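Here the structure comes first, spelled out in structure tokens, and everything after it is commentary.
Counting convention: from 1, in listed order, for ligands and their atoms alike. Predicted, not measured: the structure shown is a model, and the values here were computed from it.
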Amino acid sequence: MTIKAFGAVAADQPLGPLNISRRAPSAHDIQIAIDFCGVCHSDLHTVRSEWAGTLYPCVPGHEIVGRVTAVGEHVTKFKIGDLVGVGCIVDSCKQCADCDDNLENYCDHMIGTYNAPTTDAPGHTLGGYAEQIVVHERYVLRIRHPQTQLAAVAPLLCAGITTYSPLRHWNVGPGKKVGIVGIGGLGHMGIKLAHAMGAYVVAFTTSESKRDAAKALGADDVVISKNADEVAKHAQSFDLIVNTVAAPHDLDALLSLLKRDGTMTLVGAPATNHPSPDVFNLIMKRRTLAGSMIGGILETQEMLDFCAKNNIVSDIELIRADEINTAYERMLKGDVKYRFVIDNATLTR
Ligand code: NAP
Ligand code: ZN
């Protein structure tokens, strides 16, 4: 089936309207009419081939929400009309240790929602800046938020799970002190989630304009990371720091803020590496520098249900599909509170 989408045909080209095709649903597939799609910084990294290896045409988008419009004959989890989501994963091998542990995000054969090999035309996956998508039921999530919140639920499918997963993995809860670095799409969800889990949350931002805004999201304290004095007040005090910054920067200033046995996990994925940290900053306090990638499907459902129960959604700015190029430029300047979401109905009007 041919449908309308928005994407780029080369790394140095702006995004524009495209016609793409989707497969007919096979036995375990769900066909979804996409209502809204969040705009992740990974979309921008990929469209511009900043991580290298982008396949064109590139249709990004992995924060997808919509309604089921058709199901394959063996589908048991969903029916037509259900509100559903699709995040960063549309397939995996289903038989390795990672898949068995419901950690498809770490499967060596994980198929990303865009820019990953597939037998469908054009030979690589095309994401959620499109009218509809067809996905195996294993990778489709149920949305329990009210339909009126659907646009603001979309960013949970990547920004939400990418911050929820490390917060859970490192046992964040009451009595724990957590730093969230970079208050963009991921960071603002990190603040909301860590706060809801009962932790003491400190936001680190380069933007003075986000000082009050970060408090409103649930931060107990806000540090302007360019002010060394403000940063130093928190020396050796954090159990966990979740670092979402999308550009290379000095990690040592942040590692020094960890307690003995504290962890800083990187989730930001800049196009070029950070300068190497000082080895002594790790060994003198048995600190850990870690990484984390999105989350598995089971954990993504757990996160969505946690958010529905605690009335957590993303703070969004809804845009038309043809505003995406301006949105990317604004995202690069940190000029969005905190996530752009495309109204996919504007693809056809
Ligand atoms: P975003 O909305 O652009 O937020 C990034 C934030 O980092 C900015 O708002 C800014 O916050 C801070 N920042 C400071 N200096 C920066 C600079 N020079 N360039 C860019 N940002 C800077 O991006 P996002 O969607 O949250 O994604 C953040 C990173 O995580 C990206 O690299 C993305 O590819 C990656 N990511 C990783 C995973 C994973 O699974 N690990 C999943 C999704 C995304 P302040 O204004 O507060 O300083
Ligand atoms: Zn993402």
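For Ser292, the closest heavy-atom approach to ligand 1 falls below 4.0 Å. Taking 4.0 Å as the cut-off, Ala159 does not count as a neighbour of ligand 1 on heavy-atom distance. Under a 4.0 angstrom heavy-atom cut-off, Trp51 registers as being in contact with ligand 1. Distances shorter than 4.0 angstrom occur between a heavy atom of Arg339 and an atom of ligand 1.
When Lys210, Glu50, Glu208, Lys333 are ranked by how near their heavy atoms come to atom 10 (C) of ligand 1, first place goes to Lys210. Nearest to atom 23 (O) of ligand 1 by heavy-atom distance, out of His41, Arg211, Glu63, His45, is His41. For the residues Ala247, Gly187, Ala269, the heavy atom positioned nearest atom 17 (C) of ligand 1 is part of Ala247.
Partner of Lys192 under the side chain to side chain contact (heavy atoms under 4.5 Å, CB included) criterion, out of Val201, Asp315, Ile180: Asp315 alone. When each of Glu299, His169, Glu302 is tested with Tyr164 by the rule side chain to side chain donor-acceptor pair (under 3.5 Å), just one qualifies, namely Glu302.
Between Asp322 and Pro17 there is no side-chain heavy-atom pair separated by less than 4.5 Å. Between Ser42 and Tyr114 the shortest side-chain heavy-atom distance falls below 4.5 Å.
Checked by atom type and distance alone, the side chain of Asp29 never pairs as donor or acceptor with a backbone atom of Val134 at under 3.5 Å.
The Zn ion (ligand 2) lies under 2.8 Å from an N, O or S atom belonging to Cys40.
The atoms of ligand 1 that sit less than 4.0 Å from any heavy atom of Met331 are 3 (O). The ligand atoms of ligand 1 that sit less than 4.0 angstrom from a heavy atom of Thr205 are 45 (P), 46 (O), 47 (O), 48 (O). Every atom of ligand 1 is numbered from 1 in the order shown, and the set under 4.0 Å from a heavy atom of Ile294 is 39 (C), 40 (O). The atoms of ligand 1 that sit less than 4.0 Å from any heavy atom of Ser207 are 45 (P), 46 (O).
Geometry at the Zn ion (ligand 2): SG/Cys158 and NE2/His62 form an angle of 110°, nearest 10 degrees.
In terms of protein heavy-atom proximity, atom 48 (O) of ligand 1 is closest to Thr206 OG1, 2.5 Å.
Within a 6.0 Å sphere centred on NZ of Lys233, heavy atoms belonging to other residues, nucleotides or ligands number 12 at most.
Ring geometry for Tyr139 against His136 counts as perpendicular: the plane angle is over 60°, on a 0 to 90° scale with 30° as the lower cut.
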